[in-house]
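Predicted model only: the values in this text are computed from it and were never measured. We count residues from 1, following the sequence as given. When a ligand or atom number is given, it counts from 1 through the structure's own listing order.
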Amino acid sequence: MMLMNCYNHSPATATTSSDLCWKKTICNNNPYSLPLISRNDPHRGRHRRGARARPNNHCPRRRRCPGLSLVCSVAPPNQVESPVVTSEKPPSNATATRRECFGVFCTTYDLKADEKTKSWKKLINISVSGAAGMISNHLLFKLASGEVFGLDQPIALKLLGSERSLQALEGVAMELEDSLYPLLREVSIGIDPYEVFRDAEWALLIGAKPRGPGMERADLLDINGQIFAEQGKALNAVASPNVKVIVVGNPCNTNALICMKNAPKIPAKNFHALTRLDENRAKCQLALKAGVFYDKVSNMTIWGNHSTTQVPDFLNAKINGKPVKEVITDHKWLEEEFTERIQKRGGVLIQKWGRSSAASTAVSIVDAIRSLITPTPEGDWFSSGVYTNGNPYGIEEDIVFSMPCRSKGDGDYELVKDVIIDDYLRQRIKKSEAELLSEKRCVAHLTGEGVAYCDIREDTMLPGEQ
Ligand SMILES: NC(=O)C1=CN([C@@H]2O[C@H](COP(=O)(O)OP(=O)(O)OC[C@H]3O[C@@H](n4cnc5c(N)ncnc54)[C@H](OP(=O)(O)O)[C@@H]3O)[C@@H](O)[C@H]2O)C=CC1
Ligand SMILES: O=C([O-])CC(=O)C(=O)O
C-alpha cells in the first residue's frame, strides 16, 4: 500500500495531523472555504498520483464558483431568444481545473501490489449530480457496493451539488467513508460541473428543481433546461469522449435532449432519459394481475415521454413467454386501468409516502446501467429514452423518446426492430410524441435551434404529479 497524499483540514473539524483530509470546491465569497493545512502532517508534500503540485505551503488556490452560466435570460416561456450553443468552458471557470478528493479517499493505493485487488479492472469515474438528494442517497451506496459495475470494478465517485447543498454533500461523503466499501477508491465533491464531470465515463444527472405550486410545465422546462444546457456544455468540454449519460431529473426526456444538443462532441446515442422505473412499475402490475412473480414478465416497452402520456406496451410484452393479451384476457383493464396506473404511479406514491419515489428510482438507475453493460437476455429487451434519429417505428426524429433497446453489454444499444404496433398503440405513441415535440419547441433557446415558442396546450404531468 502506498500512501501518497497530503492532508488538509477544515477549520471546523481539524484535530490531529492524521485526521481526515478535507478538500472541497470552494467559493470566493465563503470564508469557511479556505481549508487550513496541517503542518505536522508526516505525508505533507507527497502527492496523489496525477495531482498537480501545490504552491509551497500546499494551500489550494482559491477557485471561483461559477454558479449557473445561463445560456439565455429567463424570458416569458412563449418567446425566448436563441443562445449560441458553444462547447467552450465559460471564462469564469478558467481556474477550476484541479482534481478534488474527500477525506480518506485522498489516500491512494497501488491496487496491483495487493494480491486481492491486482486482478481488478481499471478504475472508472462516475459523476452524479443532485448527489445530496433523495435518489442519490440510495444510489451512491449501490454504486459503491459493487452491485452495479461488478465486484472487480473499482470506482471513483464525483459528486455534484450546489452552494446550498455543499454541507449535505460533505455528509454524504462522510457516510461513504464510514461504509468502508472496498471498491470505492475515490470520492470528490464539488459545485462546478467542469470540475466534477472531468474524465467522467458515466454521468448520472439526477439534480433538478422540483415543480413548485403554480409553476407551469413550461417554466419547469426552462429552469431545468438551463441546468442541463450548462451540464451538457461541461460534459462536452471535460468528460470522457464516450461518456454515457443517464438523465433522471425531470422533465427527463427533454432535459436529455437539451444536454445532448449542448454536447456535440459526445455521440447522441450516449444520452438516455430514465424510463426504467416506468418499465419496472409496468412489469410489477402485469405480474400482479396475472398472479405470477414479476420475473416472468419480459419484453416490456415504455414508449414516449416520462410523463402521464407515456405508453406502457402490453401488446408486445410477454408473461412466461406468451403475449400478455393471451394471459390477461381482460383487455379493457389493460387499455384503461393498467395504462393509467403506470402513468400515474408516481403520483399515487407521493400521496402515500409524502415524497417522490427515491429508492425504486435508484434501483431502476442500477437496472438501466446494468442493461447497458451486460448482454440483454436472448429475445428480451429493455426500455430507455433515447435519441429518435434513425428509429424504425416512424417516430418523429430529433427527440428523446423511450423505445425498446437491446445491448451487447458494451455500453451501447440497438433499437429492437421486431415489434408490433397496432392502431391503439400508434395513437397513444403519437400523443406522447406530440407532447415531446411541443416540449422541444419550448426549449429551442436551449438547444441552439432558434427562438422558443411554447404552445403546450394541456398542462401534462410528470408521473409524480396529480
Ligand atoms: N426519471 C424518473 O424516473 C424519475 C425522476 N425523478 C426526478 O429526479 C429528480 C431528483 O429527485 P430527488 O433526488 O428525489 O429530489 P431531491 O429534491 O431529493 O434532490 C434533488 C436535487 O436536485 C437539486 N436541485 C434542486 N433544485 C435545484 C435547482 N434549482 N437547480 C439545480 N439543482 C437543483 C438539489 O441539489 P443541489 O442543492 O445540490 O443543487 C437536490 O439535491 C427530480 O427532478 C425528480 O422529479 C424522480 C423519480 C423518478
Ligand atoms: O414526478 C416526479 O418527480 C417523480 C417521478 O418522475 C416518478 O415517480 O416517476
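Under a 4.0 Å criterion applied to the non-hydrogen atoms of Ser165, ligand 1 contributes the atoms 36 (P), 37 (O), 38 (O). Counting the atoms of ligand 2 from 1 in the order shown, those under 4.0 Å from a heavy atom of Gly346 are 8 (O). Interface atoms of ligand 2 facing Ser357, defined by a heavy-atom separation under 4.0 Å, are 8 (O). Near Ile206, with a cut-off below 4.0 Å to any heavy atom, the atoms of ligand 1 are 8 (O), 9 (C), 10 (C). Applying the 4.0 Å criterion to heavy atoms of Gly249 picks out, from ligand 1, the atoms 8 (O), 9 (C), 43 (O). The His306 neighbourhood of ligand 2 comprises atoms 5 (C), 6 (O), 7 (C), 9 (O), with distances under 4.0 Å to a heavy atom of that residue. Under a 4.0 Å criterion applied to the non-hydrogen atoms of Gly207, ligand 1 contributes the atoms 21 (C), 22 (O), 23 (C). Short contacts between ligand 1 and Gly161, defined as distances under 4.0 Å to a heavy atom of the residue, involve ligand atoms 38 (O). Which parts of ligand 1 touch Cys252 is read off a 4.0 Å heavy-atom cut-off, strictly below it: atoms 1 (N). Every atom of ligand 1 with a heavy atom of Ser357 under 4.0 Å away is listed here by number and element: 47 (C). Taking every heavy atom of Ser356 and a limit of under 4.0 angstrom, the matching atoms of ligand 2 come to 4 (C). Remark: ligand 2 atoms within the under-4.0 Å shell around heavy atoms of Arg281 are 7 (C), 8 (O), 9 (O).
A heavy-atom distance below 4.5 Å is not found between the side chains of Leu257 and Phe271.
Listed by first and then second residue, the side-chain hydrogen bond (donor to acceptor under 3.5 Å, both in side chains) pairs that reach into residues 135-148 come to none, sequence neighbours excluded.
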Problem - Intermediate values then yes/no, salt bridge (Lys or Arg N to Asp or Glu O under 4.0 Å), Asp278 and Arg281 - result: CA-CA 5 Å; Asp278 307 295; Arg281 288 167 170 168; 3.7 Å; yes
Exercise for the section: Check the pair Asn305 / Glu439 against side-chain hydrogen bond (donor to acceptor under 3.5 Å, both in side chains), numbers first and verdict last. Expected result: CA-CA 10 Å; Asn305 201 0; Glu439 287 189 16; 3.0 Å; yes
Practice task
Might you work through the side-chain hydrogen bond (donor to acceptor under 3.5 Å, both in side chains) test for Arg198 and Ser127, ending with a clear yes or no?
Solution key: CA-CA 8 Å; Arg198 184 167 299 282; Ser127 297; over 6 Å; no
Practice task
Given side-chain hydrogen bond (donor to acceptor under 3.5 Å, both in side chains), test Thr275 with His306 step by step and report yes or no.
Solution key: CA-CA 6 Å; Thr275 54; His306 177 68; over 6 Å; no
Problem - Worked verdict on Glu177 versus Val187 for side chain to side chain contact (heavy atoms under 4.5 Å, CB included) - result: CA-CA 9 Å; Glu177 284 185 310; Val187 172; over 6 Å; no
Exercise for the section: I would like to know whether Asn224 and Asn250 meet side-chain hydrogen bond (donor to acceptor under 3.5 Å, both in side chains); could you show each step before the answer? Expected result: CA-CA 8 Å; Asn224 281 332; Asn250 276 316; over 6 Å; no
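Contacts between Leu277 and ligand 1, counted as non-hydrogen atom pairs separated by less than 4.0 Å, involve the side chain only. Only side-chain heavy atoms of Ile227 come within less than 4.0 Å of ligand 1; its backbone N, CA, C and O stay farther off. If you look at Ala358 next to ligand 1, there are no close heavy atoms at all, none under 4.0 Å. With a 4.0 Å heavy-atom cut-off, ligand 1 is reached by the side chain of Arg164 but not by its N, CA, C or O. Heavy atoms of His306 found under 4.0 angstrom from ligand 1 belong exclusively to the side chain. If you look at Thr361 next to ligand 1, the close heavy atoms, those under 4.0 Å, all belong to the side chain. Under 4.0 Å from ligand 2, not a single heavy atom of Arg345 appears. Here Leu349 has no heavy atoms under 4.0 Å from ligand 2, in either its backbone or its side chain.
For the pair Ser179 and Phe141, the tightest heavy-atom approach, listed with the atom from each and the gap, is OG-CE2, 3.7 Å. The two atoms that bring Ala234 and Phe197 nearest to each other are CB-CD1, 3.9 Å, heavy atoms only.
Of the N or O atoms in Ser136, none lie within a sub-3.5 Å distance of an N or O in ligand 1. Looking at Ser162 next to ligand 1, an N or O pair under 3.5 Å apart turns up.
Remark: side-chain polar atoms of Asp380 are not paired, donor with acceptor, to backbone N or O of Ser298 under 3.5 angstrom. Gln343 places a side-chain N or O within 3.5 Å of a backbone atom of Gln310 that can act as its donor or acceptor partner.
Leu205 pairs in a side chain to side chain contact (heavy atoms under 4.5 Å, CB included) with only one of the listed residues (Val247, Val128, Ile227), which is Val247.
Ring orientation note: the planes of Tyr424 and Phe314 are tilted relative to one another, at an angle of 30° to 60°.
Counting heavy atoms only, Ala208 comes closest to atom 22 (O) of ligand 1 of the residues Ala168, Gly133, Ala208, Gly130.
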